[in-house]
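Notes follow the structure.
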Amino acid sequence: MGLTSEQAHWIVGAELCALALALLLYELQVWQARVLRYALGATLLVLTAEGVLFPAIEGALTPARFDSATAQHLLLAALCLVVGLVELRRARRAVTGGPGRAALPLGLLATGAIFALHAQHHSPAPRVLLTVQHRILGASLAVGGLTRGAAELPLPAARSFKTAWLVPLFLAGVELLLYTETRG
């Protein structure tokens, strides 16, 4: 099963779009399946597995091919694991306040920063194209983190941000669906 880097990005993009739409429908009480409370944590755990599997499939985990971009992908997988486990606990209502509320906003901000500073794999694509795509992705995720953080503030106005973070998350998914490594 040989995936191209583009295909791996497209798969994650489709997953983020589906997650954002499902969570939006749940939050707007259009789709009221209670299992959707677990969708965020479960999807983050799937992204964790993919964050390790995709580099393994590409052969990027071998000593000869391991580079800083691969290390960043593994760091992203670790972030998804930690935040995913926290979000699953929150979905069970085991954690309702405290530091658990900060996990997702901080995770999104950290992920945004990693993408904004993302080292590029060896690719025939122009480096500027890859850099711009990753920086736009990073900016979208950072905006998602900021809006999710605003939703967690103990202020009456914070409720208006409850679903706002899903828009930049959906946008990040669309950006990954449009990702290309064209030769220019």
Side-chain angles (χ1 to χ4, degrees), residues 1-20 39-90 99-100 102-149 165 168-184:
M1 178 181 152
L3 289 174
T4 67
S5 177
E6 285 180 326
Q7 291 167 331
H9 283 82
W10 299 339
I11 290 169
V12 173
E15 291 164 343
L16 287 181
C17 285
L19 173 66
L40 177 59
T43 301
L44 287 170
L45 295 183
V46 168
L47 293 175
T48 298
E50 291 171 351
V52 175
L53 285 176
F54 289 162
I57 290 169
E58 293 173 355
L61 297 180
T62 61
R65 295 209 38 225
F66 193 88
D67 58 7
S68 57
T70 301
Q72 287 176 330
H73 284 237
L74 295 177
L75 178 59
L76 289 168
L79 272 169
C80 287
L81 175 64
V82 171
V83 175
L85 291 173
V86 170
E87 287 301 319
L88 284 176
R89 288 196 67 207
R90 287 188 71 192
L104 183 59
L106 292 175
L108 285 167
L109 285 170
T111 301
I114 290 169
F115 278 116
L117 305 171
H118 192 39
Q120 301 304 328
H121 290 287
H122 301 290
S123 170
R127 187 167 290 300
V128 69
L129 171 66
L130 299 175
T131 300
V132 167
Q133 289 179 123
H134 283 95
R135 286 185 181 165
I136 291 171
L137 177 60
S140 296
L141 292 169
V143 168
L146 291 172
T147 53
R148 179 58 188 234
W165 74 279
L169 183 69
F170 181 79
L171 183 58
V174 170
E175 290 160 4
L176 286 166
L177 284 170
L178 296 174
Y179 180 83
T180 184
E181 291 181 3
T182 179
R183 289 174 177 40

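From a predicted model like this one, the values you see are computed outputs, not experimental measurements. Just the heavy atoms: all of them, side chains too, but no hydrogens, waters or symmetry mates, feed the values below.
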key: Residue pairs involving residues 72-87 (criterion salt bridge (charged side-chain N to carboxylate O under 4.0 Å, His left out); sequence neighbours excluded)   = Glu87-Arg90
Spatial distance of atom [atom1] ([X]) from atom [atom2] ([Y]) [nearest 0.5 Å]:
X: Leu130; Y: Arg135; atom1: CG; atom2: CZ; value: 11.5 Å
X: Gln133; Y: Leu178; atom1: CD; atom2: CG; value: 8.5 Å
X: Gln72; Y: Asp67; atom1: CD; atom2: CG; value: 9.0 Å
X: Leu44; Y: Leu104; atom1: CG; atom2: CG; value: 7.0 Å
X: Thr147; Y: Leu169; atom1: OG1; atom2: CG; value: 9.5 Å
X: Ser5; Y: Ile57; atom1: OG; atom2: CD1; value: 12.0 Å

Provide the closest heavy-atom pair for [X] versus [Y] in the form atom of the first, atom of the second, distance.
X: Ala110; Y: Leu79; answer: CB-CD1, 3.9 Å
X: Val52; Y: Ala77; answer: CG2-CB, 4.2 Å
X: Pro55; Y: Thr70; answer: CB-CG2, 4.2 Å
X: Val143; Y: Pro168; answer: CG1-CG, 3.9 Å
X: Val83; Y: Ala103; answer: CG2-O, 3.6 Å
X: Cys17; Y: Gly173; answer: SG-C, 3.5 Å

List in chain and number order the residues that pass side chain to side chain contact (heavy atoms under 4.5 Å, CB included) with [X], two or more places apart in sequence or in another chain; answer none if no residue qualifies.
X: Leu81; result: Leu45, Thr48, Leu85
X: Ala139; result: none
X: Leu75; result: Ile114

Got a sec, which residues hit side-chain hydrogen bond (donor to acceptor under 3.5 Å, both in side chains) with [X], two or more places apart in sequence or on another chain?
X: Thr111; value: none
X: Gln7; value: Thr4
X: Glu50; value: none
X: Thr180; value: Glu6

task = Take Thr43 and Glu15 through the test side chain to side chain donor-acceptor pair (under 3.5 Å) and record every step on the way to the result.
result = CA-CA 8 Å; Thr43 301; Glu15 291 164 343; over 6 Å; no
key: Arg65 side chain to Glu58 backbone, donor-acceptor under 3.5 Å   = yes
inquiry  = Checking the side chain of Trp165 only, and the main-chain atoms of Leu146 only, is there a donor and an acceptor separated by less than 3.5 Å?
reply    = no
task = Evaluate side-chain contact (heavy atoms from CB on, under 4.5 Å) for Leu16 paired with Leu47, printing each intermediate quantity in order.
result = CA-CA 10 Å; Leu16 287 181; Leu47 293 175; 4.1 Å; yes
message = Once you measure the plane-to-plane angle for His9 and His73, does it fall in the parallel (<30°), tilted (30-60°) or perpendicular (>60°) bin?
response = perpendicular
Aromatic ring pairing Phe115/His134, orientation class (parallel under 30°, perpendicular over 60°, tilted between) = parallel
query = Given the rule in the side-chain contact (heavy atoms from CB on, under 4.5 Å) test, do Thr131 and Val128 qualify, once you have shown the distances and angles that lead to the verdict?
reply = CA-CA 5 Å; Thr131 300; Val128 69; 5.5 Å; no
remark   = Applying ring pair (Phe, Tyr, Trp, His ring centres under 6.0 Å) to Phe170 and not counting sequence neighbours gives none
task = With the side chain counted from C-beta on, respond yes when Val174 and Tyr179 share a heavy-atom pair under 4.5 Å apart, and no when they do not.
result = no
